[in-house]
Amino acid sequence: MQPAAPPKRPPVPRPVAPAPTPQKQRPWSLGPRAQRLMWDAHSATGVALGLVLFVIFFCGAFALYRAPLDAWADPALRGQPTLSTEDIVGPVFAERPPEPGSGVTVVYAFGERRTVLLIYNPAGETTPEGDPVRAVLTYSTTTGEELAPGGRSRLSLVLFQLHFLLQLRHVLPGSSLIGIAIAGVFAVFMLFALVSGVLIHLKKLPKDWHTFRPRGTVRTALADAHTVLGLAGLPYAVMYAVTGGIISIMIMLAPQIETAFFDGDGDAYDAAIYGVGVPEADSTGRAAAMLGPDALVAALPESWAGIDPILVRYSRWGDAGATATLHGHVSETLTTSGKATLRAATGDVIAHNPPTTPTALGATYAVTEQLHYGDVGGWLLDALFFLLALATGAVILTGNALWIVVRRPKDPRATPRLHRVLGRLTVGFGCGLVAAVPVLFILAHAIPTGAADRKVWEEALFFAAWFALIAAAFAGPSTVGAARWQLALAAGLCLLVPVANGWATGDWLWASAANARWQVFWIDLSFVFAALVLVWTAQRLRPVAPDRVPVVP
């Protein structure tokens, strides 16, 4: 007889979750659709501003080396200067004398510059329309030869102008300096981003500032690089944001400053910066021989000893009452603005304010410029600023990537399709520019010296390469994969830079070192090192799953 089955237990009723209490809609809150729209607008705006700041800092790193880049791009500027300013100006003016009574400007080969620039009206020369010819002549102080403006490389100038966004004048209406105004606004925005970022992460900084795990996941590596590089370059970034904003304000708002504080008197504004101003001399009607630039420098008082001249402007050339206003600076110091006005025919000093005794406004502006352009501290500070500028650019790109990769999945308001597009734009603008810059260096030697419209082709092909890489970043299934191949391409192009220089000029790495052409040597070697860093970075970006949605709507 089988035992009776145990009685079944009655089922235990499952607890029923209470119905959610309806939330009271606040009159000022946004609906789901509006919240998504505002989140997307916030993301797109932040990423776009970050990309523009990356362009400013990345190109600003190269702007620190304008003179060495000119020498790298033009063999006529390599080596030590052998000619003085007078050796160049004297023969030129003997062959093509300036128009009597006109203005003449001579820019010295100061600092690392290897060129003398002359701007004047040659006597008797007119355009087909009958206007006086305004000659702009550049001469090498190493060879004495004239450097044709149309045939010279614009390598350093393109990157310098892109640092200030000056190319925007071709696409935006208004002033030709509209790019500087925009760059100044972005500098203020960056200053706010730096301060707010430090305050947000203040509690974690003691633990995270030295933590870097490049072998971890992409998210971990990006977060660590963003924190470590950001903290290392924080004082530098703050300094550049402040000085960049001041320079932009001084350039763009000069007319308003003159009107508000100097009753519209430009001479008074100039005197507040450079010292006592001197009005332009009246014509005497008597001809007189003008002293050359070197003779004017020799006529300066003893308080100008050791001060390098920057430029001299002659007023009323050839007249007995002509004046020459000379600007000078002290190398490797912060307060460098100085001005002296002399009689151009006799060398008598009318007024002078040496850089060693600057005005308050002049000293402030001089310190701002010297820090921003890295004109103090010698090569060591230049190298430090260069590395910190690249590090700041990396902080900006990693910040964009963190927002797109990390923040988007955590917030249901984010539109995945839009953030895929922002990710591809970050790759194209960032990694694409890193690859396009060595293209510009290669073009500096690939296009023959003296070729017609060389400067136009250099700039046009550089931007064409960059925009092509931006478009190519949208190809492929993965955003990280696009970054990997663009970084690998940039590494290959970097290795071609010293090859292009050696092939075109014969200054291979070993030859430039043997001939003590250290500017050329260090630029070539830097590109070799950059190629190694880019390969290492591309390898650390491990392949990930393809993007789940199409990149382009």
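All heavy atoms count here, side chains included; hydrogens, waters and symmetry mates do not. This structure is a prediction, so every number in the text was calculated from the model and none was measured.
Distance CH2/W522 to CZ/F529: 11.5 Å, rounded to 0.5 Å. Going from atom CG of L489 over to atom CG of L493 covers 4.5 Å, rounded to the nearest 0.5 Å. Atom CD in Q486 sits 10.5 Å away from atom CG in L433 (nearest 0.5 Å). Taken to the nearest 0.5 Å, the CG atom of L532 stands 13.5 Å off from the CZ atom of F527. In this structure, the separation between CG on L51 and OG1 on T426 is 4.5 Å, given to the nearest 0.5 Å. Remark: Y139 OH to L137 CG distance equals 4.5 Å, nearest 0.5 Å.
Of all heavy-atom pairs between W72 and H445, the closest is O-NE2, 3.2 Å. Nearest heavy atoms, A473 versus V427: CB-CG1, 4.1 Å. Closest heavy-atom contact between M190 and A237: CE-CB, 3.8 Å. Across A530 and C494, no two heavy atoms sit closer than the pair CB-SG, 4.3 Å. Nearest heavy atom pair, residue A187 against residue G244, reads CB-C, 4.4 Å. Heavy-atom minimum distance, R420 versus T479: O-OG1, 4.5 Å.
Under the side chain to side chain contact (heavy atoms under 4.5 Å, CB included) rule, L117 has a single partner from T138, V106, L147, which is T138.
Proximity of a side-chain donor or acceptor of T115 to a complementary backbone N or O of S140 within less than 3.5 Å is not detected. Side-chain atoms of T142 never come within 3.5 Å of backbone atoms of Q80 as a donor-acceptor pair (strictly under, hydrogens ignored). When atom types are taken as modelled, the side chain of S512 and the backbone of L509 share a donor-acceptor pair closer than 3.5 angstrom. With hydrogens and angles disregarded, no donor-acceptor distance shorter than 3.5 Å links the side chain of R517 to the backbone of G79.
The aromatic rings of H372 and H163 lie tilted to each other, with the angle between the two planes from 30° to 60°. Aromatic ring orientation, F160 versus F164: perpendicular (interplanar angle above 60°, classes split at 30° and 60°).
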For the pair L162 and F462, evaluate side chain to side chain contact (heavy atoms under 4.5 Å, CB included) and give the outcome as yes or no after the intermediate values.
CA-CA 12 Å; L162 190 55; F462 162 71; 4.1 Å; yes
Check against side chain to side chain contact (heavy atoms under 4.5 Å, CB included), I442 and V439
CA-CA 5 Å; I442 295 171; V439 171; 5.5 Å; no
Just do the side chain to side chain contact (heavy atoms under 4.5 Å, CB included) check on I178 and L166 with the steps written out, would you?
CA-CA 7 Å; I178 184 65; L166 285 174; over 6 Å; no
Can F189 and L49 be said to form a side chain to side chain contact (heavy atoms under 4.5 Å, CB included), step by step?
CA-CA 9 Å; F189 161 79; L49 291 176; 3.6 Å; yes
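Salt-bridge check for R114 with D70: failed, with every basic side-chain N at 4.0 Å or more from each acidic carboxylate O. Salt-bridge formation is detected for the pair R154/E459: a Lys NZ or Arg NE/NH1/NH2 atom is positioned less than 4.0 Å from an Asp or Glu carboxylate oxygen.
Inter-residue side-chain proximity for L440 and L155 is flagged as met; some heavy-atom pair is nearer than 4.5 Å. Contact check for L118 versus V116: side-chain heavy atoms found under the 4.5 Å cut-off. Contact annotation: the side chain of F441 never approaches that of D524 to less than 4.5 Å [non-hydrogen atoms, C-beta and beyond]. Annotation: side chain of R78 is in contact with side chain of T505 (closest heavy-atom distance under 4.5 Å). With a 4.5 Å cut-off on side-chain heavy atoms, T105 and Y120 do not count as touching. You'll find the side chain of V312 stays beyond 4.5 Å of the side chain of V107, heavy atoms only. Two residues are said to be in side-chain contact when any heavy atoms from C-beta on lie closer than 4.5 Å; W503 and L496 fail this criterion. The shortest side-chain heavy-atom distance between Q161 and R169 falls under the 4.5 Å cut-off.
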Which donor-acceptor pairs under 3.5 Å do side chains of residues 55-68 form with protein atoms, sequence neighbours excluded?
{"residue": "Y65", "atom": "OH", "partner": "D382", "partner atom": "O", "Å": "3.3"}
{"residue": "Y65", "atom": "OH", "partner": "A383", "partner atom": "N", "Å": "3.2"}

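If you check the side chains of E458 and S153, you find a donor sitting under 3.5 Å from an acceptor.
A ring-centre distance under 6.0 Å is not found for F429 and F54.
With a 6.0 Å radius and a threshold of 12 heavy atoms from other residues, nucleotides or ligands, W485 has its CH2 atom above the threshold. Heavy atoms from other residues, nucleotides or ligands lying under 6.0 Å from CH2 of W508 number more than 12.
Scanning for ring pair (Phe, Tyr, Trp, His ring centres under 6.0 Å) contacts around F110 gives H329, with sequence neighbours left out. Remark: D87 pairs with S84 by the side-chain hydrogen bond (donor to acceptor under 3.5 Å, both in side chains) rule, at least two apart or across chains.
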